[in-house]
Amino acid sequence: MRDSKTGNFKIYNTLTRKKEAFESIRTGLVGMYVCGVTPYSEAHLGHARCYVVFDTLRRYLEFLGYEVTYVQNITDIDDKIIAKSMETGDTPSDIASRYFSSFMGEMEKLNVKPADIYPRVTENIDKIISFIKALIKKGSAYEISGSVYFRVSSLDGYGDFSGRGEGEKVIGEESKGLRAKKDPRDFALWKQDPEYGWDSPWGQGRPGWHIECSAMSKDILGDFFDIHGGGLDLLFPHHENEIAQSTALTGRVPARYWVHNGMVTLRGDKMAKSTGNLFLLNEALKEVSPGALRIFLLSSSYRQSLDYDPEALKGTEKAFRRLVELKEELIRAGKFYEQGFCDWNDPLVEALSDDLNTARTLGRIFTAAGPLLEKIYGKTHTEDDAALARRIIFVTEEVLGIELNTPSAGMDNSGIEELISRREKLRNQRRFGEADVIRDKLLEKGIEIKDTPSGPRWRKVSPG
RNA sequence: GGCGCGGUACCCAAGUGGCUUAAGGGAUCGGUUUGCAAAACCGCCAUGCGCCGGUUCGAAUCCGGCCCGCGCCUCCA
C-alpha cells in the first residue's frame, strides 16, 4: 500500500506550525478525528466549510490509496442543548436528534461522505467516567463538591499548543460560581448536575466539554492517531485542553497532525450561532446548487478566513454548470464509458499535495475544461480529449466531491421533451410568437432551452 | 494588552525570489452567432501585487518600519 504516490503530500500541522510531509502511523491506514457539531440549531456556512474541507481531505487521502477511518463526534448533551430544551419543552435528546438529522441531510446534499463512526457523548458516559477516574488517580484531576477539575499545574507545557504563555491566567466559564477551583486555568471534566446528570463516583453530573473528545477518540482510534481536525476557533481552549487531558493520561499528544480550517465571516465578522451573525446552510442551498456551494467553499485556501459574499457565491453557479455541461456532453458523445482515473502527480490534482490547495486545483480544472467543451460540442474531440475530460470529471467528483448532476437525471422529462418538439415545429413554421410562449413557460419552471446548431437542448437552471 | 492570520484587477481568488511582461472564476462592456433571446465562443479587463525604505543581476514573493482589516484569549466549525 505504501508507495511513491503517498509520499508527496504535505500538510500544515498546527502542532509544529509548519507544513510537514504526511506519513501515516500505520502503513496505508489513516485514523482521523474531527470535532463535530453540538446540535441545538441549524447549521450555517461555517459548519459547511469545516465539514466540506475535511471531507475533501478524506477523499484526497483515499485517492492516494489510504484506508481512512473517519470519526466525528456528536456533543448531544451540553448547556446550550439544555437551555433549548427548557425553552421548547422537548427533551435534550429530542433536540439533539432533530438538529443532528437536519445537519446530516444537509451534509448529504453537499455530497459529504458520512463519517465511519459518529460517537455520541450520551452513549459514552462510562468511558468518560473511566478516563476521569484515571486522571484523578494520576493526580491530574481533583473533585470539589460533585464536580471534577483538571489540574493544569500537573502538566508541563500547558499552553504551548495554542501559543498561550505560562503566566497567562485563563478563567473558564466553569470557574464563575466555583471559586474553589485551585487554579483559574483548571477546567471542568465533570460538572455536578442533579437534573440532567448521570450517576458517577462524584454524584449526579455530566461531562465537561473537552473530555468527550479525549475519551472517545482514545476508545475508537487509540492513544495515538494520525489527524485531528476542527475549526480554528477550537484551538483554544478546546484542543489545548484535549491535549492536556490525553497527555496527562497516556504521556503523549494524541494525534500526529492537527489541522484547523479558517473561519467563515459575514460582513467581515465571524459567523457564529451565538451572535446571530450568520448565513444558514439551508439558505445557501436555496441560492445555489450544492456543487456550486462546494466550489465556493473550496475556491480559497482552507486555512484562510473566507468571507461570505452573496455575489461571489452566486457566481460559482455558472462556473459549476460549465463542468456539469462537460460531463453531459461527454455522455452525449458516448465517451463516458469508462471510469476516469488519474495519477497522484497528474497536473490536475498535483496541487492538492501542497497542503490541499483546492483553489489552484479548481483553476487547473477550469483551464483544462474550457477548450474541451467547445471541441466536444463541435464533435472535433480526439480520444485524448475525451480521456482528459474523464480525468477532469474524476477529479472534480471523486476527489473534490463536487457532484456534477446531470439535470435530466431522476426527473420526468417526457413533458419537457414534448413541449420542446412542439416549439420546434412552430419555429419551423415561423410562428415565433407561439414558440416563445412555450420557451417562457419552460423557463418559469426552471428549464432553459439552448438552441444549438445541432438542435435544441435544455437544462435545469434553478438549484435543487 | 498577549498570541496568530491577512491586505493581489470592479468582486472572489491562486501565486512566497527568475518557469508569471501576475492562474482561475464571476461581473461589466464590445463582437460573432440567433427569427428574437438564452447559451456558447472571441475580445477588452492590474506595466501592477496596502504604503515607504532596503537586500539582490532580478522581489507580489526576502528584510525593516508604518497604515488598515480579521481571528483566538468566554460558548463557538
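Per chain, numbering begins at 1; letters A, B, ... match sequence-line order.
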K.L.:
Can you measure Arg267(A) atom CZ to C70(B) atom C1' for me and round it to whole angstrom units?
P.N.:
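After rounding, the reported distance stands at 16 Å.
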K.L.:
What does Val264(A) touch in the nucleic acid at a heavy-atom separation under 4.0 angstrom: a base, only the sugar-phosphate, or nothing?
P.N.:
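Contact class for Val264(A): base.
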K.L.:
Quick one: label Leu234(A) by what it contacts on the DNA or RNA (base, sugar-phosphate, nothing), any heavy atom closer than 4.0 Å.
P.N.:
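The residue Leu234(A) makes sugar-phosphate contact but no base contact.
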K.L.:
Any side-chain N or O of Lys450(A) less than 4.0 Å from the OP1 or OP2 oxygen of A37(B)?
P.N.:
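For Lys450(A), the contact criterion (side-chain N or O under 4.0 Å from OP1 or OP2 of A37(B)) is not met.
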K.L.:
Please name all residues satisfying ring-ring contact (aromatic ring centres under 6.0 Å, His included) with Tyr257(A), sequence neighbours left out, ordered by chain then number.
P.N.:
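Testing Tyr257(A) for ring-ring contact (aromatic ring centres under 6.0 Å, His included), a comparison that skips the adjacent residues, returns Phe22(A).
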K.L.:
Is it the case that the side chains of Ser421(A) and Glu417(A) hold a donor-acceptor pair, with the cut-off being a distance below 3.5 Å and no angle test?
P.N.:
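Judged by distance alone, the side chains do not pair up.
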K.L.:
Could you pick out which residue, Asp269(A) or Gly46(A), lies toward the 5' side of RNA chain B when each is mapped onto its nearest nucleotide?
P.N.:
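It is Asp269(A), whose closest nucleotide lies nearer the 5' terminus.
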K.L.:
Taking the same atom, C1', in G31(B) and in C70(B), what whole-Å distance lies between them?
P.N.:
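One C1' to the other, the span is 43 Å.
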K.L.:
For Arg322(A), answer base if it contacts any base atom (sugar-phosphate contacts may also be present), sugar-phosphate if it contacts only those atoms, and nothing otherwise; contact means non-hydrogen atoms under 4.0 Å.
P.N.:
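Sugar-phosphate, backbone atoms only, no base.
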K.L.:
Only counting residues at least two apart or in another chain, list the ones meeting side-chain hydrogen bond (donor to acceptor under 3.5 Å, both in side chains) with Thr14(A).
P.N.:
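Applying side-chain hydrogen bond (donor to acceptor under 3.5 Å, both in side chains) to Thr14(A) gives His260(A).
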K.L.:
Do Thr382(A) and Asp385(A) have a side chain donor and acceptor closer than 3.5 Å?
P.N.:
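Side chains of Thr382(A) and Asp385(A): pair found under 3.5 Å.
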K.L.:
Classify His260(A) by what it touches in the nucleic acid, base, sugar-phosphate, or nothing, heavy-atom distance under 4.0 Å.
P.N.:
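No contact.
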K.L.:
Determine if the base of G7(B) is syn or anti; take syn to mean the glycosidic torsion is within 90° of 0.
P.N.:
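Anti, which is what one calls it when the glycosidic angle falls more than 90° from 0.
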K.L.:
Could you tell me how far G1(B) sits from U8(B) if I compare only their P atoms? Round to whole Å.
P.N.:
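Taking atom P in both U8(B) and G1(B), they lie 25 Å apart.
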K.L.:
Distance-only check: which donor-acceptor pairs under 3.5 Å involve side-chain atoms of residues 396-403 of chain A, not counting sequence neighbours?
P.N.:
from	atom 1	to	atom 2	distance (Å)
Thr396(A)	OG1	Ile392(A)	O	2.7
Glu397(A)	OE1	Lys327(A)	NZ	3.4
Glu397(A)	OE2	Lys327(A)	NZ	3.2
Glu397(A)	OE2	Leu404(A)	N	2.7

K.L.:
Which residues pass the side-chain contact (heavy atoms from CB on, under 4.5 Å) test with Thr316(A), sequence neighbours left out?
P.N.:
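Thr316(A) satisfies side-chain contact (heavy atoms from CB on, under 4.5 Å) with Ala292(A), Ile295(A), Phe296(A), Leu313(A) once adjacent residues are dropped.
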K.L.:
Can you check the distance between C62(B) and U47(B), where both ends of the measurement are the C1' atom (answer in whole Å)?
P.N.:
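Going atom to atom, C1' in each nucleotide, I get 23 Å.
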K.L.:
Excluding sequence neighbours, so at least two apart, what forms side-chain hydrogen bond (donor to acceptor under 3.5 Å, both in side chains) with Asp76(A)?
P.N.:
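side-chain hydrogen bond (donor to acceptor under 3.5 Å, both in side chains) check on Asp76(A) returns Thr122(A).
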K.L.:
Checking Tyr302(A) now: which residues fulfil side-chain hydrogen bond (donor to acceptor under 3.5 Å, both in side chains) with it, not counting sequence neighbours?
P.N.:
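By the side-chain hydrogen bond (donor to acceptor under 3.5 Å, both in side chains) rule, Tyr302(A) matches Asp355(A).
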K.L.:
Tyr51(A) near the nucleic acid: base, sugar-phosphate alone, or nothing, with a heavy-atom cut-off under 4.0 Å?
P.N.:
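Touches sugar-phosphate only.
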K.L.:
Applying salt bridge (charged side-chain N to carboxylate O under 4.0 Å, His left out), which residue pairs with at least one partner in residues 229-242 of chain A are found, sequence neighbours left out?
P.N.:
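Non-adjacent pairs meeting salt bridge (charged side-chain N to carboxylate O under 4.0 Å, His left out): Asp233(A)-Lys270(A).
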K.L.:
Could you tell me how far apart Phe236(A) (CZ) and G71(B) (P) are, to the nearest whole angstrom?
P.N.:
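Distance, rounded to whole Å: 18 Å.
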K.L.:
So what does Lys80(A) hit on the nucleic acid, given a heavy-atom distance under 4.0 Å: a base, only sugar-phosphate, or nothing?
P.N.:
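Counting heavy atoms under 4.0 Å across all strands, the contact made by Lys80(A) includes a base.
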K.L.:
If I take atom CE in residue Met263(A) and atom P in nucleotide A77(B), what distance separates them, rounded to the nearest angstrom?
P.N.:
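Distance check: Met263(A) CE to A77(B) P gives 9 Å.
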K.L.:
Is Asp79(A) salt-bridged to Arg206(A), cutoff N-O under 4.0 Å?
P.N.:
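The answer is yes: the pair qualifies as a salt bridge.
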K.L.:
Please tell me which of the listed nucleotides, C72(B), G24(B), A77(B), lies nearest to the side chain of Phe366(A)?
P.N.:
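Of all the options, the side chain of Phe366(A) is nearest to G24(B).
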K.L.:
In whole angstrom, give me the gap between the P atoms of G6(B) and A13(B).
P.N.:
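It comes out at 13 Å once rounded to the nearest Å.
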K.L.:
Between A39(B), C73(B), G25(B), which nucleotide gets closest to the side-chain atoms of Ala319(A)?
P.N.:
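For Ala319(A), the side-chain atoms sit closest to G25(B).
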K.L.:
At under 4.0 Å between heavy atoms, what does Ile449(A) touch on the DNA or RNA strands: base, sugar-phosphate, or nothing?
P.N.:
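Base, at least one base heavy atom under 4.0 Å.
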K.L.:
Could you go through nucleotides 9-19 of chain B and list every protein N or O atom that sits under 3.5 Å from one of its N or O atoms, giving the distance for each pair?
P.N.:
from	atom 1	to	atom 2	distance (Å)
A14(B)	OP1	Ser301(A)	N	3.0
A14(B)	O3'	Asn357(A)	ND2	3.4
G15(B)	OP1	Asn357(A)	ND2	2.7

K.L.:
For the P atoms, the ones on U28(B) and on A38(B), what distance do you get once it is rounded to whole angstrom?
P.N.:
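My reading of the P atoms in U28(B) and A38(B) gives 11 Å.
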K.L.:
When the P atoms of A39(B) and G53(B) are considered, how many whole Å apart are they?
P.N.:
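Comparing P positions in A39(B) and G53(B) gives a spacing of 47 Å.
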K.L.:
State the dot-bracket string of RNA chain B. Criteria: Watson-Crick or G-U wobble, both atom distances under 3.5 angstrom; notation: ( ) intrastrand, [ ] crossing earlier pairs, | interstrand, . unpaired.
P.N.:
((((((((.[[[..)..(.....]]]..((((.......))))......[[[[[..)....]]]]])))))))....
K.L.:
Quick one: label Gly229(A) by what it contacts on the DNA or RNA (base, sugar-phosphate, nothing), any heavy atom closer than 4.0 Å.
P.N.:
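It contacts nothing in the nucleic acid.
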K.L.:
Provide the distance between the two P atoms, one in G15(B) and one in G58(B), to the nearest whole Å.
P.N.:
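About 26 Å, rounded to a whole number of Å.
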K.L.:
Could you tell me whether the phosphate oxygens of A77(B), OP1 or OP2, come under 4.0 Å of any side-chain nitrogen or oxygen in Lys270(A)?
P.N.:
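So the side-chain polar atoms of Lys270(A) never come under 4.0 Å of the phosphate oxygens OP1 or OP2 of A77(B).
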K.L.:
Would Arg164(A) and Phe236(A) count as a cation-pi pair here, with the cationic atom under 6.0 angstrom from the ring centre and within 45° of the axis?
P.N.:
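Checked: cation-pi criterion met.
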K.L.:
Distance between the P atoms of G48(B) and G4(B), in whole angstroms?
P.N.:
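Per the computed distance, 34 Å lies between those P atoms.
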K.L.:
Applying side-chain hydrogen bond (donor to acceptor under 3.5 Å, both in side chains), name anything that partners Thr380(A), two or more places apart in sequence or on another chain.
P.N.:
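In terms of side-chain hydrogen bond (donor to acceptor under 3.5 Å, both in side chains), with neighbours along the sequence ignored, Thr380(A) is linked to no residue.
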K.L.:
By side-chain contact (heavy atoms from CB on, under 4.5 Å), which residues pair with Ala255(A), not counting sequence neighbours?
P.N.:
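With sequence neighbours excluded, Ala255(A) shows a side-chain contact (heavy atoms from CB on, under 4.5 Å) to Phe225(A), His228(A), Trp258(A), given in chain and number order.
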K.L.:
Which part of the nucleic acid does Ala272(A) contact within heavy-atom distance under 4.0 Å: base, sugar-phosphate only, or nothing?
P.N.:
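Answer is base: heavy atoms of Ala272(A) come under 4.0 Å of a base.
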K.L.:
Just the atom pairs and distances: protein N or O near nucleotides 32-35 of chain B's N or O, under 3.5 Å.
P.N.:
from	atom 1	to	atom 2	distance (Å)
G35(B)	N7	Arg427(A)	NH2	3.4
G35(B)	O6	Arg427(A)	NE	3.2
G35(B)	N1	Asp436(A)	OD1	3.0
G35(B)	N1	Asp436(A)	OD2	3.4
G35(B)	N2	Asp436(A)	OD2	2.8

